[in-house]
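Order of the sequence lines sets the chain letters (A, B, ...), proteins ahead of strands, with each chain counted from 1. Keep in mind that this is a model prediction, so the values were computed, not measured. As a basis for the values below, the full set of heavy atoms in this structure was taken, side chains included, without hydrogen atoms, waters or symmetry mates.
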Amino acid sequence: MRGDLRDYVERLLAHFGPRHWWPAETPFEVMVGAVLTQNTAWTNVERAIDNLRRSNALTPEGLSSLSTEEMQEAIRPSGYFRQKEKKLRALLKWLLGRHGGDIEKLRAGETDGLRRELLELWGVGKETADSILCYALTKPVFVVDAYTIRVLSRHGVVRRGATYDEVQESAHASLPRDTAYLNEAHALFVALGKEFCLSRSPRCAGCPLEELLPAGGLKQQN
DNA sequence: GCCCAGGTGGGTA
DNA sequence: TACCCACATGGG
């Protein structure tokens, strides 16, 4: 790794301040949001969450009580609504069937075991599993997402084409293994990504990490 | 009209 | 393993 990942996080913290993420009122709402936000803009997820709230469906029992059509209609604004309905059902089956819907008890569980269980669910991949672990179950896990990889590879902190596991291992090796810290770190990379490393066009003028860039300048693209 | 957004699963070589 | 592709809506 070229730069020290922790330097980047500290710099971002000084620039943006604490993010206090994830935007949700309950751990269950985090879980639902983690599924609905897959490859989807958060504004669209908010519409879906609002619909679910109006249907009293932001509890495991409430969401379960919706029919297929009702759930699909509520989450339609977040896109992929047929697939996401199936994904939410799989999550509910796990949560209610295997753990009695008891999120507090889940929080006391062992992180690696919970991660394996989540990854076995249809529709739950690494990012969704880690988001649930960190933001809903308060486990010290660094969430890697498109923003994180884009920012860190562009800045030469990880190699271009770095995989999810590589980025996560770097983060776990460089950052304090502390839930609140890792929560902030991920949120800060998202904040940076949204403002300065948008999509394929480098828009990095004024980037708060400029002083930490390698001498050769920005790594171009992805 | 076109590109993109806080991914994942399935198929093919 | 390494690519493809489908999945769907709303905003710029």
Side-chain angles (χ1 to χ4, degrees), chain A residues 8-9 12 16 18-24 27 29-52 68-94 115-137 139 141-155 158-168 171 179 182-204 221-222:
Chain A
Y8 280 71
V9 174
L12 289 172
F16 289 106
R19 303 281 83 200
H20 302 304
W21 227 33
W22 172 300
E29 189 178 327
V30 174
M31 295 186 186
V32 172
V35 169
L36 295 184
T37 196
Q38 290 175 3
N39 203 38
T40 300
W42 183 255
T43 51
N44 290 354
V45 178
E46 284 178 324
R47 298 165 186 268
I49 298 267
D50 287 344
N51 290 340
L52 292 173
T68 297
E69 292 71 25
E70 287 170 332
M71 196 187 299
Q72 289 186 353
E73 197 53 36
I75 68 176
R76 179 186 287 269
S78 70
Y80 307 118
F81 59 90
R82 295 184 193 87
Q83 291 212 336
K84 285 176 178 174
E85 192 253 348
K86 284 174 60 183
K87 295 177 181 187
L88 290 175
R89 296 285 179 198
L91 189 64
L92 285 169
K93 184 180 176 186
W94 171 76
R115 190 171 195 267
R116 277 192 295 274
E117 289 185 20
L118 285 165
L119 289 175
E120 284 175 8
L121 302 180
W122 189 88
V124 176
K126 289 171 182 173
E127 180 180 338
T128 305
D130 289 336
S131 295
I132 290 172
L133 288 170
C134 182
Y135 290 98
L137 303 181
K139 297 297 186 183
V141 172
F142 182 77
V143 180
V144 179
D145 61 15
Y147 288 129
T148 309
I149 294 183
R150 188 184 306 149
V151 167
L152 292 181
S153 60
R154 221 174 246 195
H155 287 233
V158 301
R159 70 177 183 87
R160 253 184 290 181
T163 65
Y164 189 103
D165 291 340
E166 287 172 359
V167 176
Q168 188 176 53
T179 299
L182 296 179
N183 175 323
E184 275 297 335
H186 172 237
L188 287 164
F189 284 123
V190 173
L192 179 73
K194 283 186 175 177
E195 193 165 347
F196 296 104
C197 292
L198 290 171
S199 94
R200 297 199 186 91
S201 54
R203 228 183 63 181
C204 298
Q221 313 305 331
N222 292 331

query: Atom NZ of A/Lys194 and atom C1' of B/dC4: how far apart are they, to the nearest Å?
result: 13 Å
statement: A/Gln72 atom CD is separated from C/dT9 atom P, nearest whole Å, by 11 Å
message: So, applying side chain to side chain contact (heavy atoms under 4.5 Å, CB included) with A/His186, which one of A/Val144, A/Asp130, A/Val143 is it?
response: A/Val143
Electrostatic pair A/Glu120:A/Arg116 at N-O distance under 4.0 angstrom: no
task: Could you tell me the separation between the CD atom of A/Glu73 and the P atom of C/dA8, rounded to a whole number of Å?
output: 13 Å
task: Could you tell me whether A/Glu73 and A/Arg76 have a side-chain N and a carboxylate O separated by less than 4.0 Å?
output: yes
statement: Here the distance between atom P of C/dG10 and atom CD1 of A/Ile49, to the nearest Å, is 15 Å
query: C/dG10 and B/dT8: how far apart are their P atoms, nearest whole angstrom?
result: 22 Å
- line: Listed range with range, the stems formed with DNA chain C by at least 3 consecutive Watson-Crick or G-U pairs (under 3.5 Å) are B:2-5 with C:9-12, B:7-13 with C:1-7
query: Has the side chain of A/Asn51 got a donor or acceptor atom that lies under 3.5 Å from a matching backbone atom of A/Ala74?
result: yes
- request: Taking the side chain as every heavy atom from C-beta outward, state whether A/Leu52 and A/Ile75 have any pair of such atoms under 4.5 Å apart.
  value: yes
- prompt: Of the non-hydrogen atoms in A/Thr179 and A/Cys134, which two are nearest, and what is the gap between them?
  reply: CG2-O, 4.0 Å
message: Just the rounded figure in Å: distance from P of B/dA5 to CG of A/Asn44.
response: 13 Å
query: Which letter, B, S or -, goes with each nucleotide of nucleotides 7-13 of chain B from 5' to 3', with contact meaning a protein heavy atom under 4.0 Å?
result: BSSS---
- prompt: Are A/Gln168 and A/Lys126 linked by a side-chain donor-acceptor pair shorter than 3.5 Å?
  reply: no
- prompt: Have A/Thr128 and A/Lys87 got a donor and an acceptor in their side chains that come within less than 3.5 Å?
  reply: no
task: Write down the distance between CG (A/Leu36) and P (C/dT9), rounded to a whole number of angstrom.
output: 14 Å
field: Phosphate OP1/OP2 of C/dA8: any A/Arg76 side-chain N/O under 4.0 Å
entry: no
task: Taking atom P in both B/dC3 and C/dC5, compute the distance separating them and give it to the nearest angstrom.
output: 15 Å
From A/Leu188, A/Asn183, A/Leu12, residue fulfilling side chain to side chain contact (heavy atoms under 4.5 Å, CB included) relative to A/Arg19: A/Leu188
